[in-house]
Amino acid sequence: MIPIHIRRGEAPEFEAFLCERIYAYNAAATGYHDAECFSAALEGQDGAVEAGVCGYTWGGCCYVSYLWVLERLRGQGIASSILAAVERHARATGCRLVLLSTHSFQAPGFYRRHGYRELAMVPDHPLGHASFFLAKQLAEGETSSGGR
């Protein structure tokens, strides 16, 4: 076998390199060359980020990579507003599907209340917990996300 040496720690430049190469392959294979990253932040009066989201759109799909709200602000509808904004953005860019993942100790119930359906569950990720992969079909002209 060829020896492969794993390095610990962040490697943002290398990760970007791999991302570009995989995107080039995927775009060539599918014909979709429309990938675009997005983000939004809610900042407090002091300029500190109190909530935010980031992800990307590509090929009629929107993927939410991270959605976070400062603990003391949870339960006030901020995450619902952020998710609704993401769905509006997804529709505006031609997306018909939103995908995301969450852990059992994070927010699977929140996403289900907003119309997301579980596609897969991975037990013991991390050990003693689970990961959920969820999706929501966006119908054209549908109103933004709301509790169901």
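Since the structure is predicted, the reported quantities are computational estimates derived from the model, not experimental observations.
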query: Between Met121 and Val64, is there a shared hydrophobic cluster once you connect ILVMFWY residues whose side-chain heavy atoms come closer than 4.5 Å?
result: yes
- line: Rounding to 0.5 Å, atoms CG (Leu83) and CZ (Arg113) come to a distance of 11.5 Å
message: Is any side-chain heavy atom of Glu87 closer than 4.5 Å to one of Leu138?
response: yes
For residues 4-24, which side-chain N or O atoms pair as donor and acceptor with protein atoms under 3.5 Å away, sequence neighbours left out?
from  : atom 1 : to    : atom 2 : distance (Å)
Tyr23 : OH     : His33 : O      : 3.2
Tyr23 : OH     : Asp34 : N      : 3.3
Tyr23 : OH     : Ala35 : N      : 3.3

query: How many angstroms lie between CG in Leu134 and CZ in Arg117, if you round to the nearest 0.5 Å?
result: 11.0 Å
Side-chain atoms of residues 41-59: list all donor-acceptor pairs with protein atoms under 3.5 Å, sequence neighbours left out, distances to 0.1 Å.
from  : atom 1 : to    : atom 2 : distance (Å)
Asp46 : OD1    : Ala48 : N      : 2.9
Glu50 : OE2    : Arg72 : NH2    : 3.3
Trp58 : NE1    : Tyr32 : O      : 3.0

field: Linked, directly or transitively: Leu73 and Val86 (ILVMFWY side chains, under 4.5 Å)
entry: yes
- prompt: Can you list every ring pair (Phe, Tyr, Trp, His ring centres under 6.0 Å) pair that touches residues 65-87, not counting sequence neighbours?
  reply: none
message: The criterion is salt bridge (Lys or Arg N to Asp or Glu O under 4.0 Å); which residues satisfy it with Glu118, sequence neighbours excluded?
response: Arg112
- request: Would you check if the side chain of Lys136 reaches a backbone N or O of His114 as a donor-acceptor pair within less than 3.5 Å?
  value: yes
Compile the donor-acceptor pairs under 3.5 Å between side chains in residues 95-110 and protein atoms, sequence neighbours left out, one pair per line.
from   : atom 1 : to     : atom 2 : distance (Å)
Ser101 : OG     : Tyr63  : OH     : 3.4
Thr102 : OG1    : Gln106 : OE1    : 3.3
Thr102 : OG1    : Ala107 : N      : 3.2
His103 : ND1    : His125 : O      : 3.1
His103 : ND1    : Ser131 : OG     : 3.2
Ser104 : OG     : Ala130 : N      : 3.1
Gln106 : OE1    : His103 : N      : 2.9

